[in-house]
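Below is one structure, written out as structure tokens, with a few remarks after it.
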2 protein chains.
Amino acid sequence: MDTRQRILEAAEREFAEHGFHGSSLRSITRAARVNVASIHYYYGSKEALLRATLEQIVSPVNAERLRQLDELQAEDQPPPTVEQILRAFIAPDLEMIARLGTRGAIIARFSGRSYTEPETVVSRMINDLFAEVGARFLDALCIAVPDVDSEQLRWRLRCLVAIITYLLTAQGTARALLDAEDFETTTRRLIAFAAPGMKAPSVTAGLEVV
Amino acid sequence: MDTRQRILEAAEREFAEHGFHGSSLRSITRAARVNVASIHYYYGSKEALLRATLEQIVSPVNAERLRQLDELQAEDQPPPTVEQILRAFIAPDLEMIARLGTRGAIIARFSGRSYTEPETVVSRMINDLFAEVGARFLDALCIAVPDVDSEQLRWRLRCLVAIITYLLTAQGTARALLDAEDFETTTRRLIAFAAPGMKAPSVTAGLEVV
DNA sequence: GTCTATAACGGGATAGAC
DNA sequence: GTCTATCCCGTTATAGAC
């Protein structure tokens, strides 16, 4: 394997385990068994290395999400259900992780970690990378659940993102769901938990519901 | 205000904003306008400072959670519903945040951040602090939803924790829910989203559901 | 393209004056 | 109890030999 790719995979592992601030270029180059200067030669800076790592992982997943959503929204199709929309959002991610085996588990932690990174430059990267996907899926949900206003659906979609992120980051018992079972079961459990919440009646201020 | 407390509140702010690794003792003492050595004098180390900060915030919230659950499970009461259990879990947290105003917002980010901290010593602290609460609430849920096995309920409870964590950490649009609206509305929205998912039928491997 | 060496700096921790 | 000064280490980044 060439130096460039060795660096990228070592960076995945280090960032996944220790976060952005907790990883040093030295620990990455040590793990990749290359010299310290090579990161600057290939990527320019620590931040640029993170961006490269993130893009390589997220871009194909988001492309697949949009492809599946396009398929659901094809002219000759009936409007997609909430369950179908959620599946198109969740499955590409979990499928990629399952497909890559050990490296998939590392990537899972890496991306979960990146979502929750305090560094503002990281959250800006994430927002950039997810802007289109977020807007498209929210639109689809608004059509599938016309009774709930879009502001609350946006918030509920964020709840789903939160769950996925947590699932990816978790190291202990929660990780078992990614390792032990096939991604199809995990996908179904996520849909089973989140879909009813998406369809629940709007909650407006001042109205006693519970 | 005395030096000890000044350090603690500055640490909340710094850790909330930049995470554990991203905060330096120097930035904390600068914000608290005390000298660098005082942290070691009062707390011993950076790690011990984090633990002190975390405990001061989390302990009263968890005590209140258990108190409310005790009340629901009193002998003369009917067994609590899922909605009641979730409320006892969610409300003490959001109520404290709302009550503290500006500092509440900082504390919200701080605790959300701590949950997702890569540092293993931090996640051990969190696990310690939440062991009892987690076990008690899981037991209550198992009784309220007897049709779903406890392993899946444990996972669904984690989903709720994930959502709360994300909500607390979020800085942008999601934060609006903590600032703009009263905590009672946020509590009801959370319950509305999560309760149906808790009660959803079990998903077992190999069974085609969706 | 790959390496060593080093610059320039900031980190946590501590000793010791007051 | 509070401060200054300092130790010693690890950090990112770069210069320059090969």
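Computed over heavy atoms, backbone and side chain alike; hydrogens, waters and symmetry mates excluded. Quick note on labels: first sequence line is chain A, next is B, and so on, each numbered from 1.
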ask   = With sequence neighbours left out, what residues match B:F20 under ring-ring contact (aromatic ring centres under 6.0 Å, His included)?
value =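 Partners of B:F20 by the ring-ring contact (aromatic ring centres under 6.0 Å, His included) criterion, ordered by chain and then number, come out as B:F15.
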
What's A:S27 touching, base or sugar-phosphate or nothing? Going by heavy atoms closer than 4.0 Å.
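The answer is nothing, as A:S27 stays clear of every strand by at least 4.0 Å.
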
With a non-hydrogen cut-off below 4.0 angstrom, is A:S24 in contact with a base, only sugar-phosphate, or nothing?
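If one applies the 4.0 Å heavy-atom cut-off, A:S24 turns out to touch the sugar-phosphate alone, with no base involved.
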
Any sub-3.5 Å donor-acceptor pair from B:Y166's side-chain atoms to A:T116's backbone N or O?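 Looks like no, no N/O pair under 3.5 Å.
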
Whole-Å distance separating the [atom1] atom of [X] from the [atom2] atom of [N]:
{"X": "A:F20", "N": "D:dT11", "atom1": "CZ", "atom2": "P", "result": "14 Å"}
{"X": "B:I28", "N": "C:dG11", "atom1": "CD1", "atom2": "P", "result": "11 Å"}
{"X": "A:Y43", "N": "D:dA13", "atom1": "OH", "atom2": "P", "result": "15 Å"}
{"X": "A:N35", "N": "D:dG16", "atom1": "CG", "atom2": "P", "result": "17 Å"}
{"X": "B:E14", "N": "C:dG10", "atom1": "CD", "atom2": "C1'", "result": "15 Å"}
{"X": "A:H21", "N": "D:dG10", "atom1": "NE2", "atom2": "C1'", "result": "14 Å"}
{"X": "A:I39", "N": "C:dG1", "atom1": "CD1", "atom2": "C1'", "result": "16 Å"}
{"X": "A:L49", "N": "D:dA13", "atom1": "CG", "atom2": "P", "result": "11 Å"}

### Query
Once you round to the nearest 0.5 Å, how far does OG1 of B:T204 lie from CZ of A:R188?
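One gets 7.5 Å once the value is rounded to the nearest 0.5 Å.
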
Exercise for review: Find the bend of the helix from C:dG1-D:dC18 to C:dC18-D:dG1 as the angle between its two terminal axes (five pairs each), to the nearest 10°.
Suggested key: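 Comparing the axis at each end, I get an angle of 10°.
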
State which residues pass side-chain hydrogen bond (donor to acceptor under 3.5 Å, both in side chains) with [X]; sequence neighbours excluded, sorted by chain then number.
{"X": "B:R99", "value": "B:E95"}
{"X": "B:N35", "value": "none"}
{"X": "B:E47", "value": "none"}
{"X": "A:D149", "value": "A:Q152, A:S202"}

Using the test side-chain contact (heavy atoms from CB on, under 4.5 Å), find all partners of [X] that sit at least two apart in sequence or belong to another chain.
{"X": "A:Q5", "result": "A:M1, A:D2, A:L8, A:E9, A:Q56, A:R103"}
{"X": "A:A31", "result": "A:A10, A:R13, A:E14"}
{"X": "B:A195", "result": "B:V82, B:E83, B:L86, B:I191"}

Q | Strand-adjacent residues in residues 5-13 of chain A, judged by heavy atoms under 4.0 Å from DNA chain C | A |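 Contacts with DNA chain C under 4.0 Å: none.
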
Under 3.5 Å, which protein N or O atoms sit close to an N or O of nucleotides 13-15 of chain C? Give each pair with its distance.
from: C:dA13; atom 1: OP2; to: B:H40; atom 2: NE2; distance (Å): 2.9
from: C:dA13; atom 1: OP2; to: B:K46; atom 2: N; distance (Å): 3.3
from: C:dA13; atom 1: O5'; to: B:H40; atom 2: NE2; distance (Å): 3.2

Any pair with a residue in residues 126-145 of chain A that passes ring-ring contact (aromatic ring centres under 6.0 Å, His included), sequence neighbours left out, goes on the list, sorted by first then second residue, please.
->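 Only A:F89-A:F137, A:Y115-A:F130 qualify under ring-ring contact (aromatic ring centres under 6.0 Å, His included).
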
